[in-house]
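Take a look at the structure below.
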Amino acid sequence: MLTAYDHPIAQILDEAGVDIVLVGDSLGNVILGLPDTRGVTMADMLHHTKAAGQGVKRALLAADMPFRSLSAANARKLVRAGAEAVKVEGTKELGQIKKIIAAGIPVMGHLGYLPQTSVKPSVVKSEALIEEARALERAGVFAIVLEMVEPRLAEKITNALEIPTIGIGSGPACDGQVLVTYDLLGLSAWSPRFVRPKLRLRETSLKAVKEYLAENR
Ligand code: KIV
């Protein structure tokens, strides 16, 4: 799984064969220049889900439910904008998650470091996560993102579940992996330590723009 917030990146991911394109609320930091994901609104998610959806023909398009937006009505709005599944952080509102699933909308869970509610990124080691993951599976989610979960714990969770886990900074034992595409391409000014960028697009872009300026001034 990789993230996209617009048509061209979604198109590249789809063409490359990515299984799931995620319109993550990481768009707050990555695209909108916000300090965290809490300022991302439903309007932002709908706008970017529509844009990314235009580029996806084959992959599953999933969209994040932003901070304080959890309801079946909002999940339906994301589906109308093009999402085929929604992702929800944490287990605090399991009742709402069940309602969204009952409305026929597939839900992906998200455990470990939760950017919408945690103060700052840190590795999660609490074994209580195993029970939370089981509760999400019982509720009917189809996959669970494990963000910054201690790798042996991520392995235990993966082994305890029938549904797939998708890790980010959680070691190699998860069933799948996810990254923010801007981090993968080296386009972000900052990226987490676990990211190994495949390109240095920020540096290359800076160089290209400087060359253009020098040629044309
Ligand atoms: O918002 C996001 O991009 C995410 C991924 C990092 C999993 O939740």
Side-chain angles (χ1 to χ4, degrees), residues 1-14 16 18 20-56 59 61-70 74-75 77-78 80-83 85-90 108 110 112-124 145 147-148 166-170 177-214 216:
M1 180 159 84
L2 285 167
T3 63
Y5 320 103
D6 60 30
H7 173 254
I9 297 279
Q11 207 175 34
I12 291 170
L13 302 186
D14 197 57
V18 160
I20 306 175
V21 172
L22 173 68
V23 187
D25 63 353
S26 52
L27 77 85
N29 319 65
V30 179
I31 301 294
L32 304 178
L34 301 175
D36 53 50
T37 60
R38 291 172 191 237
V40 176
T41 63
M42 269 304 289
D44 296 327
M45 288 307 303
L46 294 171
H47 180 77
H48 287 276
T49 300
K50 266 186 211 155
Q54 297 299 323
V56 176
L61 186 73
D64 259 325
M65 305 245 19
F67 188 48
R68 293 196 173 134
S69 72
L70 201 55
N74 279 336
K77 286 184 193 167
L78 286 167
R80 281 198 291 273
V86 297
K87 178 164 79 58
V88 176
E89 283 188 20
M108 183 187 293
H110 184 152
Y113 167 58
L114 303 176
Q116 289 176 6
T117 46
S118 310
V119 185
K120 67 178 177 99
S122 57
V123 175
V124 179
V145 167
E147 180 159 359
M148 293 182 72
I166 307 176
I168 173 160
S170 300
Q177 296 289 330
V178 53
L179 272 188
V180 167
T181 302
Y182 274 46
D183 292 343
L184 178 72
L185 302 180
L187 200 47
S188 313
W190 174 90
S191 58
R193 267 194 307 169
F194 54 78
V195 177
R196 303 272 172 275
K198 297 280 181 205
L199 293 173
R200 299 272 168 203
L201 268 194
R202 192 170 191 280
E203 283 161 32
T204 322
S205 306
L206 207 54
K207 189 166 168 281
V209 174
K210 282 182 178 170
E211 271 174 28
Y212 173 81
L213 294 180
N216 289 287

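Keep in mind that this is a model prediction, so the values were computed, not measured.
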Residue R68 excluded, over 12 heavy atoms near CZ under 6.0 Å =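 Open: at most 12 neighbouring heavy atoms sit under 6.0 Å from CZ of R68.
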
Should we say atom NE2 of H47 is surrounded by more than 12 heavy atoms from elsewhere, each under 6.0 Å from it?
->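 No, NE2 of H47 has 12 or fewer neighbouring heavy atoms, counting only those of other groups under 6.0 Å.
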
Contacts of type side-chain hydrogen bond (donor to acceptor under 3.5 Å, both in side chains), residue [X], not counting sequence neighbours:
{"X": "E89", "answer": "none"}
{"X": "S191", "answer": "none"}
{"X": "D14", "answer": "none"}

Within a strict 4.5 Å, meaning less than it, do heavy atoms of the [X] and [Y] side chains meet?
{"X": "L2", "Y": "V21", "answer": "no"}
{"X": "L27", "Y": "L32", "answer": "yes"}
{"X": "S69", "Y": "Q116", "answer": "no"}
{"X": "I20", "Y": "M108", "answer": "yes"}
{"X": "V23", "Y": "D64", "answer": "no"}
{"X": "V195", "Y": "W190", "answer": "no"}
{"X": "Y182", "Y": "I31", "answer": "yes"}
{"X": "L78", "Y": "M42", "answer": "yes"}

Say whether, by atom type as modelled, one donor and one acceptor occur between the side chain of [X] and the main chain of [Y] under 3.5 angstrom.
{"X": "D25", "Y": "G28", "value": "no"}
{"X": "E147", "Y": "P121", "value": "no"}
{"X": "T3", "Y": "L22", "value": "no"}

Audit row: L199, T204, side chain to side chain contact (heavy atoms under 4.5 Å, CB included) steps and yes/no | CA-CA 9 Å; L199 293 173; T204 322; over 6 Å; no

Closest contact, heavy atoms only, [X] versus [Y]:
{"X": "I168", "Y": "Q177", "value": "N-OE1, 4.5 Å"}
{"X": "A52", "Y": "A4", "value": "CB-O, 4.1 Å"}
{"X": "P66", "Y": "V40", "value": "CB-O, 3.4 Å"}
{"X": "A10", "Y": "V56", "value": "CB-CG2, 3.9 Å"}
{"X": "N29", "Y": "P35", "value": "ND2-O, 3.4 Å"}
{"X": "G53", "Y": "L61", "value": "CA-CD2, 3.6 Å"}

Are E211 and K207 ion-paired here, with the side-chain N under 4.0 Å from a carboxylate O?
->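 A salt bridge links E211 with K207.
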
Nearest 0.5 angstrom please: [X] [atom1] to [Y] [atom2], how far?
{"X": "L179", "Y": "R196", "atom1": "CG", "atom2": "CZ", "value": "10.5 Å"}
{"X": "L13", "Y": "M1", "atom1": "CG", "atom2": "CE", "value": "11.5 Å"}
{"X": "M148", "Y": "S122", "atom1": "CE", "atom2": "OG", "value": "6.5 Å"}
{"X": "K87", "Y": "H110", "atom1": "NZ", "atom2": "NE2", "value": "4.5 Å"}

Tell me yes or no: between the side chains of S26 and Y5, is some donor less than 3.5 Å from an acceptor?
->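 Yes, a side-chain donor-acceptor pair sits under 3.5 Å.
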
Take D44 and T41 through the test side chain to side chain donor-acceptor pair (under 3.5 Å) and record every step on the way to the result.
-> CA-CA 5 Å; D44 296 327; T41 63; 3.1 Å; yes

